[in-house]
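These notes are about the structure you will find just below.
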Amino acid sequence: MRAITRRGVLLGATGVAAAGGLALRVHAADKPGKLTILAHRVHQLVCTEGPAGDATKPWREQNGIALEWVTLDLNAIRDRLMREASLSHTDINVGFLLNTAAVPEALALFEPLDPFMQATPIEDPDDISAGFMQAFAYKGVQYGMPFRQAVNALHWNAALFNERGVEAPANTIDSFLDVARKLSFTNKDGTRVYAFAAEGDNYTVMVTMARAYGGDLITEDYRVLADQPGMIEALKLLRAMYQEKLVPPNITAMSQNDLIGAMQQGQVAMEQFPFGRTVLFNDPKSSKYPGQFKLAMFPGKNLGDVVSTAEFWGMVIPKTAAAKDWSWSLMRDLVSKQNTVMETINGNGPVRVSAYSAPEIVRQIPYAAMEAQALKAARVPMPAFAKAAQAKDICVEEMQAAMLGMKTPEQAGKSMAQRLRPLMPA
Amino acid sequence: MQRFSLGRLLMLAPAHLLLLCTIALPSLYVLWLSFTESTYGSISGYVGFSNYAAMLADRYFWRALVNTLIVVNVVVYVELALAVGIAVVFVQGVPFRRVLIAIMLMPYAISEVVAVVIWKFMMDPDIGMIERPLAALGLPLHWAVDPSAGLALVCIISVWLNMPFSFIIAYAAMRGVPTELYEAAHVDGASGWQSFRYITLPVIFPALLVALIFRYIVAFRLFSEVWLLTGGGPARMTEVLSIYLYKQAFTYADFGRGAAAGWIMVLASGVFAVAYVSRLNRAGFGRGT
């Protein structure tokens, strides 16, 4: 056996120090000056602005990495993210992916997160809803980290309700139309008020109404129910509301921003939006009715039924992106318990169950208990499958046709079902 | 004809190379893509003409093509007629000519997105400063729910946005008409209309033809006005070819169909443009010379 000499120890220590220094230099060289995040503006806002402040600041300052947010609209995010992920190299380090886009073909373009999870796991992974985690997994491999759930509720303007002597929104779907009739009027200041509005190029409200009537659009096991009584009743309700001028006449061309503006300016009395939007509706800087917007569950067939739809977002790392360790580090930080609470206070829908019992949230977010209840019952409007985008367009087209009177609700429902069935996965 | 020497060809090579790289190669790539089944991150193979066949069997494609042809023809001809009319007024002399020309050119400097958002706001049925007076007169334009009205508004916005281009070409051409011709016509007792018909129009015709070709090709790929205004709705009734292409390629991630739609657009616009322009060219020059 060779004896250990002082010279050998010194040489060895020098070598180790040199190797360590080299490794550090390599690590420093790998460290990017910034990470680019492709997201919706809402994601950026809940992470960086709001009553709880900037949740990303400690991570940025500790690591000396700036964050560049590229924010786009819903469809554009998916389009850009998929295109970026298909390139041989992308500058997008972290992307936000909606659950309906998390189909196997798409997930294959993103980095499996399990090795990162094993090396540096996120804080208390069991606290994140298993359903959310599974939505971004395929064949047991995790590709996305859930970040935001958007559970829908009915937002209503109490000032407009009071003006019409209506105490609260309808408590069953059968009385929805009667209440809506009372809420469509010309305001004291001359503003034309419509009872209800929804995004014209989305189908979520239609699905919510169908579920309220006991029906559905597509079940979790891909059965199409668009021609069943629940959906037909929903289409009849939408049609009646359009024909009786209880919804804005330009509803089919209303974007999400149009809806928010109309609600804030008192042109619409009720809208279905994620819970967190109440912060925006009640914002004194932009709303004509700050503090007047309340929340309710969308009414079901029976009194006390909880009907709610939800979408949720996950963070993914494109396979062809650089600095993946740093991307993971950021994602890990954004879903920490402390940051989840901060982001929730800023208006995010938390994916951690514990967030709803956090004292800060219970104190600062009056609707936390209602959202927790809605979350239990919430389901996505449509399960994920490869042809989901085509299915969405078909639903919107048939819904608009029924609403505007181009087809009867029965014809639209039948046509929707016939066109959707061939798109379902085998 | 002078023959190109090797030296001259070499000097021209960078320009040719640039055209090859930026236009020819991407076009060929898209052509190849149109014969494949392709989506994000995967090209599963050659499928022959099936993308073209599927598209030609798709009623939404035909509706988009018809809508495109209607919008393009309305936009191009209305725009050209208005541009020539306004240019005639300007040539005859208007007070504050430079200021008015600057005002005329303003819409061209505005981003399409901003313009459409502003128009959408002005045409809001409840608060729109144009739509409300129209409704008060009993002439509401139900552009969001009536496909014809939607396409009409698309035409109005497109004409408003692009007329400065046609106007400046027509105006510049009219300024170049020799005054001696008008003097001679005046001496011969020609009326104002006759001077315009037999002097101005034939002289500016080549310039108008250039404007027509450019506007025809650009109008054929009209996208923002429809996308931001109606999104192709209601019920996909106002879709134009570029929206159809966008949906196929980027919403449905079917790049093969999207590429096929792109090539159909190129061929359709090319065929229609060549047919129109050659006919107008023959007719115009025939009468003008």
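Letters go in sequence order (proteins before strands), and every chain restarts at 1.
The structure places CG of D393(A) at 7.5 Å from CD of E239(B), a figure rounded to the nearest 0.5 Å. Note that NZ of K392(A) is 9.5 Å distant from OH of Y252(B), once rounded to the nearest 0.5 Å. Between Q248(B) atom CD and Q390(A) atom CD the span is 7.5 Å, to the nearest 0.5 Å.
Surrounding CZ of R83(A) are more than 12 heavy atoms belonging to other residues, nucleotides or ligands, all under 6.0 Å away. The number of heavy atoms from other shown groups lying within 6.0 Å of NZ (K414(A)) does not exceed 12. For CZ of F121(B), the number of neighbouring non-hydrogen atoms (other residues, nucleotides, ligands) closer than 6.0 Å is 12 at most. The environment of F49(B) atom CZ is sparse: at most 12 non-hydrogen atoms of other residues, nucleotides or ligands sit within 6.0 angstrom. Heavy atoms from other residues, nucleotides or ligands lying under 6.0 Å from NZ of K324(A) number more than 12. F214(B) CZ: 12 or fewer foreign heavy atoms inside a 6.0 Å radius.
R78(A) places a side-chain N or O within donor-acceptor distance of the main-chain N or O of T251(B), the cut-off being under 3.5 Å. A donor-acceptor pair under 3.5 Å links the side-chain atoms of K120(B) to the main chain of A253(A), judged by distance alone.
No part of M123(B) comes within reach of chain A, as not one of its non-hydrogen atoms sits under 4.5 angstrom from that chain. Interface residue N250(A): backbone and side-chain heavy atoms are both found under 4.5 Å from chain B.
M403(A) has its side chain out of reach of P234(B): every pair of non-hydrogen atoms, C-beta onward, lies at least 4.5 Å apart. Residues Q267(A) and I127(B) meet the side-chain proximity criterion, which asks for heavy atoms closer than 4.5 Å. The closest side-chain heavy-atom distance from Y40(B) to D79(A) is below 4.5 Å.
The heavy-atom pair separating P147(B) from M406(A) by the smallest distance is CG-CE, 4.3 Å. For the pair P249(A) and D126(B), the tightest heavy-atom approach, listed with the atom from each and the gap, is CD-OD2, 4.1 Å.
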